[in-house]
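This report refers to the structure that appears directly beneath it.
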Amino acid sequence: MTRQALPFLENLNTPILHCLYSAVASLSQTRQAHAYIMKTGLLADTHLSTRLISRYANHHSFVEADLVLRSISDPSISSFSTLIYALNKSNLFTQSLNVFSRMLSHGVLLDTHVLPNVVKACGKLSALKFGREIHCIVCKYGFDSDSVVQASLVHLYLKSDRLRDARNVFERLPEGDVVTYGALLSAYARKGCVNEVKEIFSGMQNYGLEPNVVSWNGMITGFNQSGNYVEAVVMFQEMHSKGFQPDHITISSVLSAVGDIERFNIGIQVLCYVIKLGLLHCKFVISALIDMFGKCACAGDLMKAFEETNEELMDVGARNALLTALSRNGLLDVAMEVFERFRVRGRELNVVSWTSMIAGCSQNGKDIEALELFREMQSAGVKPNSVTIPCLLPACGNIAALVHGKAAHGFALRTGIIADVHVGSALVDMYAKCGRIHLSRLCFDRIPNKNSVCWNAIMGGYAMHGKANEAIDIFHLMQQKGHKPDFISFSCVLSACSQGGLTEQGWRFFNSMYEDYGIEAKMEHYSCMVNLLGRSGKLEEAYTMIKQMPFEPHACVWGALLSSCRLHNNIRLGKIAARNLFELEPNNPGNYILLSNIYASKAMWDEVDAVRDVMRSRGMKKNPGCSWIEIKNQVHMLLAGDKSNPQMTEIIENLHKLSLEMKKAGYLPNTNLVLQDVDEQDKEQILCGHSEKLAVALGLLNTPPGSPLQIIKNLRICGDCHAVIKFISGFEGREIYVRDTNRFHHFKDGVCSCGDFW
DNA sequence: CTAGGGTTAG
């Protein structure tokens with residue numbers, strides 16, 4: 001018995017202090033003991049003061065615990081570490097680190113118990129800098145050989161996404177344990193580092209450590225999250241063949257991966273296994289099963305199963321999986337119905353449910369519905385998050401709902417999700433599609449950690465706006481910043497060249513794609529090139545390219561040739577392109593219209609009639625021209641020749657008035673572009689009915705003079721409308737943005753940004 | 001002080 005232990009024994013005999021050694025001591029007993037200790041000057045006793053701190057901490061009275069610690073003149077390591085441990089246990093990591101800092105400034109020696117706790121606190125707070133300082137202390141005081149301390153550092157670096165540092169510490173660990181191995185495996189799997197995972201996994205087994213369910217799950221879920229679905233499934237099969245029993249977490253992860261590789265037969269095997277394991281009642285497993293069925297295109301069966309299922313068995317996750325499965329399989333209407341049913345019955349729906357529906361709508365051409373759902377979501381009190389916004393923004397872009405897009409931008413700024421790359425690139429795309437390419441660039445410049453999606457978004461934006469040189473600059477800049485262009489980057493830069501008529505440059509990019517970047521040209525690149533060559537009049541060259549393609553051209557390639565033939569009114573190649581298109585997509589009226597327009601341009605009326613007869617006999621109608629315009633938060637849709645707009649009389653009057661002004665200014669309607677063999681007066685009438693002109697007229701009527709107009713058209717703008725809108729932009733002093741299927745036209749002061757080349 | 005893991009929205 002040492003001399004220091006003596007007062008401890010004496011104190012134990014004091015009844016009032018007895019409670020400090022009992023786990024059930026009440027707070028008031030603790031306070032009594034505290035008062036007694038202060039009165040009798042026993043605070044210098046290390047054991048007593050530490051017990052006092054521990055009792056207070058038990059009651060979460062951390063202020064009093066800290067008071068005790070501060071009143072000790074010469075505190076020991078055990079007093080500090082007791083408080084640090086208690087604070088950690090209550091998730092008070094900042095306080096825990098504060099106490100540790102004080103401990104360091106007191107010059108108290110460290111031990112192997114306190115270090116893992118403070119390192120853990122650093123990990124929880126993502127305080128990597130402080131963590132590194134502690135690491136230095138660890139090295140300096142020779143704790144490098146302590147497995148627990150080292151393992152805590154591995155966890156810290158893994159949490160801070162510093163895999164290299166984690167691995168370095170790990171390699172020097174005197175003794176590996178299952179947990180540390182597991183954390184490392186799952187971190188590498190989440191990064192998709194398949195080889196590292198295999199290496200560490202076999203190292204672990206060579207070391208004599210058996211993996212447990214959590215180790216297996218770490219690898220399987222990690223591979224699933226990093227998109228290495230095949231690896232995830234293979235791991236699951238290996239786990240099974242080695243006789244390890246999966247749990248509900250293994251199953252939900254592997255089902256997700258099975259769905260992504262669409263291996264329905266494996267999915268069914270897993271389902272049988274689930275039944276055998278008795279896991280069919282786990283809510284995560286049910287969600288994952290629904291998800292798997294949906295990804296394997298079995299949503300029909302799913303709906304039948306759903307009708308027969310007791311709804312009570314489904315949780316929010318399962319409901320969300322069902323909604324996604326339905327809209328993913330083209331059953332958006334059914335999804336909407338089911339969603340409504342859930343709402344009416346008061347079933348819990350969360351942000352994922354609403355976001356799924358918004359995504360379903362914007363991905364299926366229901367843009368106005370997506371905007372409406374976003375509004376309803378907020379009035380239902382569900383807060384949008386960093387996924388909701390990138391799901392909503394494409395809908396804003398599709399119909400150029402700039403006001404809605406800006407509102408979403410404002411939301412992103414207020415909530416701080418603006419820093420998310422998905423949000424950033426969605427904003428870049430939205431502003432570009434709404435005609436605001438400068439805002440697009442502004443958002444792009446402010447994205448903190450740009451990935452290739454961001455670079456492609458701004459490049460695509462410039463291409464859409466016919467700003468070929470800006471797009472090419474971005475293409476070079478992205479490489480200077482260390483991003484390798486992918487096949488989408490090449491689509492963007494090629495389409496920019498095609499908008500700008502840069503034939504030579506386009507060829508260079510096309511050739512360098514494989515030669516310098518090893519990227520094989522895909523269908524879309526050929527279609528860009530055919531468009532590029534065809535539009536600049538090199539129709540024969542375009543046709544040669546199609547003939548030399550290494551795979552069968554899709555409709556988009558022949559379509560590019562046919563449109564170019566229409567632009568240059570080339571009958572011979574137009575007929576060839578059309579013949580191929582009629583085989584590939586016999587029911588697309590657009591192709592027939594283009595061919596008949598080519599004939600009409602040469603006044604070949606018999607041929608025009610013949611094409612029209614084919615269309616009529618197949619029951620095809622021309623896709624009606626359709627335009628959208630946003631006026632005061634409200635998106636209006638106008639169909640060519642549709643008189644249903646309540647302001648139609650005023651619209652026609654306005655257009656008529658403008659047409660008189662145009663005639664005064666020497667303008668003649670371009671009737672060559674009218675497709676039918678009708679007399680001149682009727683042609684003019686038809687041209688007046690084009691939806692983009694109706695939309696411009698509606699905009700002029702309902703917005704203050706001088707304010708810009710924003711129109712979206714579902715077809716390519718015709719030459720006549722282009723001329724008329726140019727005139728209006730000058731005459732009315734308006735900036736008019738028109739997006740057609742091909743690109744943007746920014747009309748200002750009587751000229752268009754496309755330079756009349758489109 | 002004995003540790004770690006998951007499904008459904010882009």
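We name chains A, B, ... by the order of the sequence lines, and we start the count at 1 in each one.
- Taking CE of M459(A) as the start and OG of S491(A) as the end, the distance is 9.5 Å to the nearest 0.5 Å.
- In this structure, CG of D420(A) is placed 13 Å from C1' of dA9(B), rounded to the nearest angstrom.
- Summarising the geometry, the separation between CG on L326(A) and P on dT8(B) is reported as 16 Å, rounded to the nearest angstrom.
- Proximity of residues 75-97 of chain A to DNA chain B (heavy atom under 4.0 angstrom from any strand atom) is restricted to Y85(A).
- Protein atom NE2 of H155(A) is 12 Å distant from nucleotide atom C1' of dT2(B), rounded to whole Å.
- Atom CD1 in I389(A) sits 14.0 Å away from atom NE2 in H422(A) (nearest 0.5 Å).
- Remark: S256(A) engages N224(A), D260(A), D291(A), K295(A) in a side-chain contact (heavy atoms from CB on, under 4.5 Å) (not counting sequence neighbours).
- In this structure, S353(A) does not reach the dT8(B) phosphate: none of its side-chain N or O atoms is under 4.0 Å from OP1 or OP2.
- Residue R328(A) has no polar side-chain atom (N or O) positioned under 4.0 Å from OP1 or OP2 of dT8(B).
- Remark: S226(A) engages N228(A) in a side-chain hydrogen bond (donor to acceptor under 3.5 Å, both in side chains) (not counting sequence neighbours).
- For D291(A) and dT8(B), the CG to C1' distance is 7 Å, given to the nearest whole Å.
- Remark: N212(A) pairs with V178(A), V214(A), S215(A) by the side-chain contact (heavy atoms from CB on, under 4.5 Å) rule, at least two apart or across chains.
- Checked against side-chain contact (heavy atoms from CB on, under 4.5 Å), V351(A) has the following partners two or more places apart in sequence or in another chain: T355(A), M377(A), V382(A), N385(A), T388(A).
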Derivation of the salt bridge (Lys or Arg N to Asp or Glu O under 4.0 Å) call for R343(A) and E348(A):
CA-CA 8 Å; R343(A) 286 184 71 188; E348(A) 187 201 339; over 6 Å; no
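- A donor-acceptor contact under 3.5 Å is not formed by the side chain of S287(A) with the base of dT8(B).
- Cation-pi check for R319(A) over F342(A) is met; the charged atom lies under 6.0 angstrom from the ring centroid and within 45 degrees of its normal.
- For A321(A), the side-chain atoms get nearest to dT8(B) when compared with the rest of dA9(B), dT8(B), dT7(B).
- Of the candidates dT7(B), dG4(B), dA9(B), the closest approach to any side-chain atom of N212(A) belongs to dG4(B).
- Atom NE2 in H113(A) sits roughly 11 Å away from atom P in dC1(B) (whole-Å rounding).
- Geometrically, K120(A) does not engage F93(A) in a cation-pi contact defined by less than 6.0 Å to the ring centre and at most 45° from the axis.
- A sub-4.0 Å separation between OP1 or OP2 of dT7(B) and a side-chain N or O of N224(A) is present.
- A heavy-atom distance below 4.0 Å to DNA chain B is reached by these residues of residues 367-398 of chain A, ordered by number: N385(A), S386(A), V387(A), P390(A), C391(A).
- Nucleic acid contact for S356(A): sugar-phosphate only, since backbone atoms but no base atoms lie under 4.0 Å from a heavy atom of the residue.
- Judged purely by atom type and a 3.5 angstrom limit, S287(A) uses its side chain to pair as donor or acceptor with the backbone of A318(A).
- Of the residues in residues 243-250 of chain A, D247(A), H248(A), I249(A) come within less than 4.0 Å of DNA chain B through at least one heavy atom, sorted by number.
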- Message: Would L185(A) and E196(A) count as a side chain to side chain contact (heavy atoms under 4.5 Å, CB included) here? Give the steps.
- Response: CA-CA 8 Å; L185(A) 286 171; E196(A) 279 84 348; over 6 Å; no
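- In this structure, E238(A) pairs ionically with K242(A), as a charged nitrogen and a carboxylate oxygen lie closer than 4.0 Å.
- In this model, the phosphate group of dG10(B) is approached by a side-chain N or O of Q363(A) to a distance below 4.0 Å at OP1 or OP2.
- Evaluation of the ring-ring contact (aromatic ring centres under 6.0 Å, His included) test over residues 351-372 of chain A, restricted to residues two or more places apart or in two chains, returns F339(A)-W354(A).
- Summarising the geometry, the separation between CZ on F293(A) and C1' on dT8(B) is reported as 16 Å, rounded to the nearest angstrom.
- Less than 4.0 Å separates DNA chain B from at least one heavy atom of each of the following residues of residues 164-189 of chain A: V178(A), V179(A), G182(A).
- In this structure, the separation between CZ on F223(A) and CE on M219(A) is 7.5 Å, given to the nearest 0.5 Å.
- For A370(A), the side-chain contact (heavy atoms from CB on, under 4.5 Å) criterion is met by I358(A), C361(A), S362(A), A395(A), not counting sequence neighbours.
- Applying the side chain to side chain donor-acceptor pair (under 3.5 Å) test to every pair with at least one member in residues 173-187 of chain A, sequence neighbours left out, gives these pairs: D177(A)-T180(A), S186(A)-R190(A).
- Contact annotation: K295(A) reaches the phosphate of dT8(B) (side-chain N/O to OP1 or OP2, under 4.0 Å).
- When rounded to the nearest whole Å, the span between CE of M430(A) and P of dG10(B) equals 19 Å.
- K366(A) and E372(A) are not joined by a salt bridge, as no carboxylate oxygen comes within less than 4.0 angstrom of a charged side-chain nitrogen.
- Of the residues in residues 332-346 of chain A, none lies under 4.0 Å from DNA chain B by heavy-atom distance.
- In this structure, N117(A) reaches the bases: a heavy-atom distance under 4.0 Å links it to at least one base atom across the strands shown.
- For D260(A) and dG10(B), the CG to C1' distance is 14 Å, given to the nearest whole Å.
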